[in-house]
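Notes to accompany the following structure.
Position 1 is the first residue of the sequence; numbering continues from there. Model, not experiment: these values are computed from the prediction. Each ligand, and each atom within it, is numbered from 1 in the order the structure gives.
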Amino acid sequence: RTVALIGGEFSGGQPKGGVERAPKMMRQAKIVDQVKALGYEVNDCGDHAFPSPDAANSSADPPAGIVKNPRTVGNACKQIYDIVQAAVKRDEIVYTIGGDHSLGLATVGGHAASRPNLCCIWVDAHADINTAETTGSGNMHGMPVSILLGLQKPQDIPGFEWFNPVMTTADIVYIGLRDLDEGERSIIRKFGMKAFTMHHVDKYGIGQVVQMALDHVNPKRDRPIHLSFDVDALDPAIAPSTGTTVRGGLTFREGHYICEAVYETGLLRGLDIMEVNPALGNDKEVADTIAIGCSLTRCALGETLL
Ligand code: DIR
Ligand code: MN
Ligand code: MN
Ligand code: MN
């Protein structure tokens, strides 16, 4: 099989610089060779940089309500969306290294646009399902899921008019949540969305949680899967270099187990490793977080299973 590698050098969905450098750092850590060593062809689609919102004239992209950099984020998402969609049409496994998680709209959305019946597992400390109404921060990395599912109308956010939602609240499942805004909670409840928080991971164990997650979005194990992994789902003790750490996260093994179990289904067709920020933390913390981005990737592609 062929893996299409896409670097999303983008930080405009949140305020902390540095997250745009993760694709290059993962390459320096030899992620391409690691994927090849697992027997995949790599179609390297390159790293894609975007004008940083601070550098751009802010009058060119004024906030929409309190939503920050909407056109900048929308433009980056459109470009990545097209690249992802083209890779999916070639039937490649789309593997995106972020960049902040606002690009999840582009990776999952671009994938779903050309892969009928796609489902998504969103691994994150956060639900990223704020709308323009509910967001408290105005940071778009907290909003991709709501636009992806059409809960936030794309036409109502400047820069997102091009986006066409094709997935529904039943096509996505969360694992790892522990930091939700009040508005996000009510959206999840209102639509009866399936969400496994850290409480569920404690209660049932990660094995049961992944099985229940798959039973929900993929009961017959016949739907292609997109795994969108925000490294802040992991405990900050093991993945400290990320912009919005929350204590009490997934252990090293729990994070890798999710990737292995998805690989084991034989249905993984898209993978995102998002929010690694090499500008945060000391050298060891940065190296550990980059290394975990690489090892999660390898597990999702089959390294650790017999
Ligand atoms: C918060 C934090 N819910 C927000 N979200 C984060 O800004 O909307 N997402 N950190 O990754
Ligand atoms: Mn996220
Ligand atoms: Mn995030
Ligand atoms: Mn997060």
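Rounding to 10°, one obtains 90° for the angle at the Mn ion (ligand 2) between OD2 (Asp124) and ND1 (His101).
If you look at Asp230 and ask which of its N, O or S atoms sits nearest the Mn ion (ligand 2), the answer is OD2. Restricting Asp128 to its N, O or S atoms, the one at the least distance from the Mn ion (ligand 2) is OD2. Asp232 contributes atom OD2 as its closest N/O/S atom to the Mn ion (ligand 4). If you look at His126 and ask which of its N, O or S atoms sits nearest the Mn ion (ligand 4), the answer is ND1.
The closest heavy-atom contact to atom 1 (C) of ligand 1, among the options Asp232, Asp181, Asp179, comes from Asp181.
At under 3.5 Å, a nitrogen or oxygen of Asp128, whether backbone or side chain, sits near a nitrogen or oxygen of ligand 1.
Remark: ligand 1 atoms within the under-4.0 Å shell around heavy atoms of His126 are 2 (C), 5 (N), 6 (C), 9 (N), 10 (N), 11 (O). Of all atoms in ligand 1, listed by their number and element, those nearer than 4.0 Å to a heavy atom of Thr244 are 10 (N). Those atoms of ligand 1 that come under 4.0 Å of a heavy atom in Asn130, given as number and element, are 3 (N), 4 (C), 8 (O).
The 12-atom threshold is exceeded at CD of Glu161, counting heavy atoms of other residues, nucleotides or ligands nearer than 6.0 Å.
Taking the ring centroids of Trp162 and Tyr81, they lie under the 6.0 Å cut-off.
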